[in-house]
Amino acid sequence: ETGVTQSPTHLIKTRGQQVTLRCSSQSGHNTVSWYQQALGQGPQFIFQYYREEENGRGNFPPRFSGLQFPNYSSELNVNALELDDSALYLCASSLAGDQPQHFGDGTRLSIL
Amino acid sequence: QQQVKQSPQSLIVQKGGISIINCAYENTAFDYFPWYQQFPGKGPALLIAIRPDVSEKKEGRFTISFNKSAKQFSLHIMDSQPGDSATYFCAASMRPGNQFYFGTGTSLTVIP
């Protein structure tokens with residue numbers, strides 16, 4: 001069984017740039033959720049995708065957007081990067097209607 | 001507003017001792033309460049989870065105690081080992097949607 005994989009592992013950007021992070025869900029999982037984890041904090045929900053549609057969103061501005069593909073993999077896009085966007089971005093997959101979520105090891109994004 | 005409050009922020013325990021981490025929530029619609037373990041540079045890994053229809057769940061050295069009337073739940077780690085040294089997060093979610101609300105984390109150090 002393949003777990004959740006995320007790429008890249010680390011990324012450095014400057015303010016105002018755009019970034020795309022990628023996630024492959026665990027085998028058999030059709031739902032993907034994205035979280036932002038600031039240093040020393042718990043993960044904060046960004047949004048969830050199911051059947052290629054956004055299925056719930058946390059308190060994040062529209063410059064955070066996403067996609068889900070037919071194979072259930074997903075992308076997180078962030079436009080107009082700000083210094084406060086520096087964080088670990090985590091992807092979690094699950095089966096729709098089933099609550100356990102399984103996390104990848106994240107992408108560490110640093111904004112200079 | 002923090003939906004799930006976690007304490008203590010940090011915990012130091014002797015090898016063989018019991019580690020206890022507490023969480024409290026307000027939203028009675030929550031119906032799933034997992035605990036995650038996170039090592040540096042890794043994503044959160046599901047440790048154990050409970051639903052509000054039971055008061056206790058045990059898996060190996062890890063036990064969740066759940067008090068529905070007090071809206072509190074706790075993680076007990078029996079016979080704590082140095083390898084248990086990590087950050088622990090409690091979380092809560094509700095159907096549908098399954099957005100996870102995380103606590104702020106507890107850094108556990110087990111001293112040999």
Side-chain angles (χ1 to χ4, degrees), chain A residues 1 3-10 21 23-26 29-51 53-60 66 87-110, chain B residues 1-10 21-25 27 29-54 57 59 64 73 75 86-108:
Chain A
E1 182 178 88
V4 178
T5 58
Q6 294 186 242
S7 63
T9 54
H10 295 87
L21 311 181
C23 171
S24 293
S25 60
Q26 182 168 318
H29 286 182
N30 54 14
T31 302
V32 173
S33 301
W34 286 92
Y35 293 81
Q36 180 195 65
Q37 185 177 22
L39 203 60
Q41 299 295 317
Q44 298 289 317
F45 177 74
I46 303 175
F47 44 54
Q48 182 182 87
Y49 276 83
Y50 170 63
R51 289 188 174 179
E53 298 283 337
E54 188 177 288
N55 184 40
R57 188 179 185 92
N59 189 27
F60 281 81
L88 180 68
Y89 288 85
L90 295 162
C91 169
S93 73
S94 59
L95 275 172
D98 194 17
Q99 286 170 300
Q101 292 189 10
H102 300 272
F103 286 81
D105 286 337
T107 294
R108 173 69 64 186
L109 177 63
S110 299
Chain B
Q1 183 184 3
Q2 192 73 26
Q3 295 262 5
V4 178
K5 296 181 180 179
Q6 183 172 348
S7 63
Q9 184 176 350
S10 62
I21 305 170
N22 301 298
C23 283
Y25 64 97
N27 192 337
F30 287 142
D31 64 354
Y32 179 72
F33 302 89
W35 284 91
Y36 282 83
Q37 179 189 58
Q38 187 175 29
F39 292 103
K42 295 291 187 180
L46 180 62
L47 202 56
I48 186 172
I50 198 168
R51 299 191 187 277
D53 53 343
V54 297
K57 183 174 181 180
E59 290 184 1
I64 299 179
F73 59 109
L75 175 69
T87 301
Y88 292 81
F89 292 96
C90 61
S93 71
M94 69 187 94
R95 299 177 209 254
N98 197 26
Q99 169 184 347
F100 275 22
Y101 296 89
F102 282 87
T104 50
T106 296
S107 177
L108 171 66

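First the proteins, then the strands, lettered A, B, ... as listed; each starts at 1.
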Tell me, side chain or backbone of [X] under 4.5 Å from chain A's heavy atoms, or both, or neither?
X	answer
Gln38(B)	side chain
Phe100(B)	both
Tyr36(B)	side chain

Legend entry - Atom group of Gln37(A) that falls short of 4.5 Å from chain B, counting heavy atoms: side chain
Legend entry - side-chain contact (heavy atoms from CB on, under 4.5 Å) between Lys57(B) and Phe33(B), worked out: CA-CA 11 Å; Lys57(B) 183 174 181 180; Phe33(B) 302 89; over 6 Å; no
Legend entry - Top contributor to chain A contacts, counting heavy-atom pairs under 4.5 Å, from Ala49(B), Ser93(B), Pro34(B), Cys90(B): Ser93(B)
Inset, instruction - Name the option with the most non-hydrogen atom pairs under 4.5 Å to chain B; the candidates are Gly104(A), Gly58(A), Pro43(A), Ala92(A). - result: Pro43(A)
Inset, instruction - Would you check if there is a donor-acceptor pair between the side chains of Gln48(A) and Thr31(A) at a distance under 3.5 Å? - result: no
Inset, instruction - Output yes when a side-chain donor or acceptor of Gln6(A) lies under 3.5 Å from a complementary backbone atom of Cys91(A), and no otherwise. - result: yes
Inset, instruction - State whether the side chain of Gln101(A) and the backbone N or O of Ser94(A) hold a donor-acceptor pair below 3.5 Å, judged by distance alone. - result: no
Inset, instruction - Using the test ring pair (Phe, Tyr, Trp, His ring centres under 6.0 Å), find all partners of Tyr35(A) that sit at least two apart in sequence or belong to another chain. - result: Phe45(A), Phe103(A), Phe102(B)
